[in-house]
Number of protein chains: 4
Amino acid sequence: MSNTARPTKDRLILAAATLFRTRGYHGVGLADVLADAKAPKGSLYHHFPNGKSDLAIAAATWASDEMLRLIAASFDGAETFEAGATTLCFKLAKLFDKTGWDTCPIAATLFEGPDSTEMRDHASHIYEGWIAEVLDHAGRLGLTESDAKTKAEHLFVLIQGGWMLARARRSSDVLRTLTSQL
Amino acid sequence: MSNTARPTKDRLILAAATLFRTRGYHGVGLADVLADAKAPKGSLYHHFPNGKSDLAIAAATWASDEMLRLIAASFDGAETFEAGATTLCFKLAKLFDKTGWDTCPIAATLFEGPDSTEMRDHASHIYEGWIAEVLDHAGRLGLTESDAKTKAEHLFVLIQGGWMLARARRSSDVLRTLTSQL
Amino acid sequence: MSNTARPTKDRLILAAATLFRTRGYHGVGLADVLADAKAPKGSLYHHFPNGKSDLAIAAATWASDEMLRLIAASFDGAETFEAGATTLCFKLAKLFDKTGWDTCPIAATLFEGPDSTEMRDHASHIYEGWIAEVLDHAGRLGLTESDAKTKAEHLFVLIQGGWMLARARRSSDVLRTLTSQL
Amino acid sequence: MSNTARPTKDRLILAAATLFRTRGYHGVGLADVLADAKAPKGSLYHHFPNGKSDLAIAAATWASDEMLRLIAASFDGAETFEAGATTLCFKLAKLFDKTGWDTCPIAATLFEGPDSTEMRDHASHIYEGWIAEVLDHAGRLGLTESDAKTKAEHLFVLIQGGWMLARARRSSDVLRTLTSQL
DNA sequence: CATGAATGAGGCTTCATTCAT
DNA sequence: TATGAATGAAGCCTCATTCAT
C-alpha cells in the first residue's frame with residue numbers, strides 16, 4: 001500500500017531489464033543498474049536479498065510480462081492465427097527499430113552467469129508461458145489441438161531465430177517476413 | 001613457424017571456444033582459459049596482442065569453421081535440399097546431446113562484451129557465411145535462386161530458434177522436428 | 001515491564017553470547033544474531049541503543065554470570081581449595097565437550113572490535129570478579145590472605161591457558177590435569 | 001634468488017602480523033594491511049592466491065618464528081629449566097611493555113575467521129612446535145622425559161593465561177611472577 | 001620469442017546504523 | 001514501544017592488462 005517503497009524497487013527492475021537485455025547478465029555491473037535507477041547502493045539487497053540473480057529473475061519476469069501483453073495485443077483482434085502471428089512479428093520489428101529490442105530479453109538475462117538451476121528453470125517457465133499464451137489464441141481461432149501446438153512452437157522458434165538474424169544484420173527486415181513460413 | 005608456438009595458440013583457441021560457448025564472453029575469465037589451455041600466463045598477449053577480444057574472434061572463427069564442415073558433411077551426399085537440411089539438424093541434435101553444443105557459439109562469443117563494431121561485424125560475416133554455404137548447396141540441388149535464398153535463410157532462422165528452445169527445455173527433441181516446417 | 005519485551009531482549013543476549021564466544025566480536029554480524037534470536041530487525045536498537053557494543057557488553061555479562069555460578073557450584077561443597085579448583089576444571093572440561101565452551105567467552109567478546117575503553121574496562125572488571133569469587137572461597141577454606149590471592153590468580157591463569165591449549169588440541173584433556181600444578 | 005619479489009611479500013606479512021595480533025583476524029581489513037605495507041591492491045593476490053587466509057597463515061608463521069627465537073634466546077644460556085623459563089617470561093613482559101605484544105599472536109590470527117580446518121591445524125602445529133622447542137631445552141637441562149613434558153606444557157599454559165590477565169590489567173606484572181608457580 | 005610478476009580498477013556482497021512510521 | 005525499510009561505507013576478491021626480463 002505504501003507508495004514510497006514501490007518506485008525504488010520498480011526503478012531497479014526497469015533499469016536492470018534494460019541493461020541485461022542489451023549487454024547480458026555478466027556484461028552489466030550492479031553499479032550501472034544502481035546509477036540508472038538512481039537508487040542508493042544499499043537498497044538493492046534490501047529489495048533483492050539474493051542480489052544480482054534475484055534482480056535478474058525479476059527483470060526477466062518483467063520483460064516476459066511485456067512480451068505477454070504484446071502477444072495478447074496482437075492476437076486479440078485477429079481473425080486468423082496467421083494474422084495474429086504476423087501482427088506480433090511486425091510489432092516486434094517496430095520495437096526493434098524504435099527501442100533496441102534486438103534480442104530475446106530472457107535469453108540475455110537468464111542464460112548466462114552462474115548456471116543456476118533456478119535461473120534456467122525460470123527461463124524455461126517463461127518460454128513455455130509464451131507458447132501457452134499463443135496456443136490459447138490458436139485454439140480460440142479454430143486450430144485443432146495438435147495443429148495449434150505445432151504452430152505455437154513454430155512461431156516461437158521463428159521469432160527467436162529471427163531476433164538472432166535481425167541483430168546480426170542490424171535490420172528488422174527479417175522479422176517482417178517471418179510468418180510467410182508458417 | 002616454430003612448432004612449439006602453434007600448439008599453444010591452438011590450445012588457447014580451443015579452450016576459449018569451449019568456454020565462450022558455454023558461459024558467454026563476459027562469463028569467462030582469461031584465467032580460466034589459460035588454465036584450461038595449460039598455457040603460461042604471459043603467452044596470451046604474445047599470440048593475441050589485443051587480448052580477450054582477439055581471442056574471442058579467433059574462437060568464433062574456429063567454431064564457425066566447425067559449423068561449415070557440418071553443413072558440408074550434411075549436404076554433400078544429400079539428394080534434396082530437405083534431406084540435407086534434415087541431416088544437418090540431426091547432426092546438431094547429436095552434438096547437443098553429446099557435447100553440449102546447446103547454443104550458437106557465435107552469439108555467445110561475439111554478441112556480448114564491449115559492443116565493438118569489429119566483433120559485431122565479424123558475427124554478421126560469419127552468419128552470412130553459413131547462409132551462403134547452404135545457399136550453394138540449394139542451388140546445386142536444383143532450387144531456383146529466389147527459392148534457395150528464402151530457404152537458406154529460413155533454415156538459419158529455424159536452427160537458431162531451435163537452439164534456443166532446446167536449451168530451455170534441456171532436450172534436443174525440437175531440433176529433430178525443425179525441418180518439417182520447411 | 002511488559003512481558004513481551006523481556007523475552008526478546010533475553011533471546012538477543014543469549015544468541016549474541018553464543019555467537020560472540022564462537023566467532024569473536026568482528027566475526028559475528030548483527031544479522032546472524034537477529035536471525036538466531038528470531039528477533040525483528042529494528043528491535044535491536046530499541047533494547048541496545050548503542051548497538052553492537054552494548055550487545056557485546058550484555059552478552060559478556062551474561063556469560064560471566066554463568067561462570068560465576070560455575071565457580072560457586074564447584075567450591076560450595078568443597079572441603080579444600082584444591083578440591084574446589086579441580087571440580088571447576090572438570091566442569092569446564094565437560095562444558096568443552098558438550099557445548100563447545102572452548103574459549104573464554106569474555107576474551108572472544110570484548111577483546112576485539114573497536115578497542116573502546118568501555119569494553120576493555122568491562123572485561124577487566126569481569127575477570128577481577130571471577131578472581132574475587134575464587135578468593136572468597138579460598139579464604140573460607142582456610143588459606144591465608146596472601147596465599148589465597150596467589151592461588152586465585154594462579155587458577156585463573158591456568159584456566160585461561162588451558163582453554164587455549166584445549167582449543168588447539170580439540171581435546172578437553174588438558175583442562176582435567178590443570179590443578180595438579182597448584 | 002630475485003631480490004625484487006621478496007620485499008613486497010615480506011612487507012605484506014609484517015604488516016599483517018602486526019595488525020592481526022592487535023585487532024584479530026576479522027578486525028583487520030585488507031585495505032589496512034595494504035596501506036601499512038605500502039603495497040598496491042592487486043599484489044596481495046599475486047603473492048597469496050587464497051587471499052586473506054593465506055596471508056593470515058603466513059603472518060602466524062612469521063610470528064611463530066619470532067617466538068621460537070625468543071625461546072631459544074632465553075634457554076640457550078640458562079643453567080636450569082626454571083632460569084630459562086623465567087628469562088622467557090621476562091622477555092615477554094618487556095615486549096608487552098615496549099611493543100604491545102599483549103596477546104598470543106597465533107590465537108588472534110588463526111582462531112577467528114572462517115573456522116577453516118587449515119587454519120586451526122596450523123595453529124595447533126605452531127603451538128606444538130613451541131612446546132617441543134621448550135621440551136628440547138628441558139631435556140638438555142637434565143629433566144626426566146616425563147617431567148620435561150609436564151613442565152613444557154605447564155609453561156605454555158602459564159604464558160597463555162598470563163597474556164590474558166596482563167592484557168586485561170594493562171600491566172605486564174603478572175608475566176614476571178609466572179614462573180614462581182613452576 | 002616467451003614469460004610470470006605486478007597493477008589498480010572494478011566486481012558483488014555484507015555491514016552497522018538511522019529513520020519514518 | 002516497536003518495527004522493517006533505507007542507506008552508503010567498507011568488506012574481500014577477480015579482472016584484463018602491462019611490463020621487465
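Chain letters run A, B, ... following the sequence lines, proteins first and then strands; every chain starts at 1. What you see is a predicted model, and the numbers here were worked out from it, not measured in a lab.
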Taking atom [atom2] of [N] as reference, at what distance in whole Å does atom [atom1] of [X] sit?
X	N	atom1	atom2	value
D:Leu34	E:dG10	CG	P	17 Å
C:Lys9	F:dT1	NZ	C1'	14 Å
C:Asp54	E:dA16	CG	C1'	13 Å
A:Asn50	E:dT13	CG	P	9 Å
A:Leu44	E:dC15	CG	P	16 Å
C:Phe48	E:dT17	CZ	C1'	16 Å
D:Leu12	F:dC12	CG	P	13 Å
B:Asp32	F:dA16	CG	C1'	13 Å

Under 4.0 Å from OP1 or OP2 of F:dT14: is there any side-chain N or O of D:Tyr45 that close? no

Contact nearer the 5' end of DNA chain F, comparing B:Tyr25 with A:Ala39: A:Ala39

Which sits closer to the 5' end of DNA chain F, C:Ser43 or D:His26, going by the nucleotide each is nearest to? C:Ser43

Regarding A:Val28, tell me which of base, sugar-phosphate or nothing describes its non-hydrogen contacts under 4.0 Å with the strands shown. sugar-phosphate

Determine the contact category for B:Lys41: base if any of its heavy atoms lies under 4.0 Å from a base atom, sugar-phosphate if only primed atoms, P, OP1 or OP2 are that close, otherwise nothing. base

By nearest nucleotide on DNA chain E, pick out whichever of A:Gly42 and D:Gly42 is the more 5' one. D:Gly42

Taking for A:Ser53 and for C:Ser53 the nucleotide of DNA chain E with the nearest heavy atom, the one nearer the 5' end belongs to A:Ser53

Closest nucleotide among [options] to the [X] side chain:
X	options	result
B:Leu30	F:dT3, E:dC12, F:dT17	F:dT17
C:Ala31	E:dC15, E:dG11, E:dT7	E:dC15
D:His47	F:dT18, E:dA6, E:dT14	E:dA6
A:Lys52	E:dC12, E:dC1, F:dT17	E:dC12
B:His46	E:dT3, F:dC12, F:dT17	E:dT3

Quick one: look up who E:dT14 pairs with, Watson-Crick or G-U, both distances under 3.5 Å, and put none if it's unpaired. F:dA9

Any strand, both distances under 3.5 Å, Watson-Crick or G-U wobble: F:dG4 pairs with E:dC19

Could you go through C:His26 and D:Tyr25, starting from their C-alpha distance and side-chain angles, then the distance that decides it, and tell me whether this counts as side chain to side chain contact (heavy atoms under 4.5 Å, CB included)? CA-CA 8 Å; C:His26 278 304; D:Tyr25 183 88; over 6 Å; no

Do the rings of A:Tyr127 and A:Phe111 sit parallel, tilted or perpendicular, given the 30° and 60° boundaries? tilted

Any side-chain to backbone donor/acceptor pair from C:Ser43 onto C:His46? Under 3.5 Å, distance only. no

Donor-acceptor check, side chain of D:Lys9 to backbone of D:Leu44, threshold 3.5 angstrom: yes or no? no

Could you walk me through whether C:Arg170 and C:Asp102 pass the salt bridge (Lys or Arg N to Asp or Glu O under 4.0 Å) check? CA-CA 8 Å; C:Arg170 272 181 274 270; C:Asp102 60 357; over 6 Å; no

So, do A:Arg23 and A:Asp32 sit near enough that their side-chain heavy atoms are less than 4.5 Å apart? yes

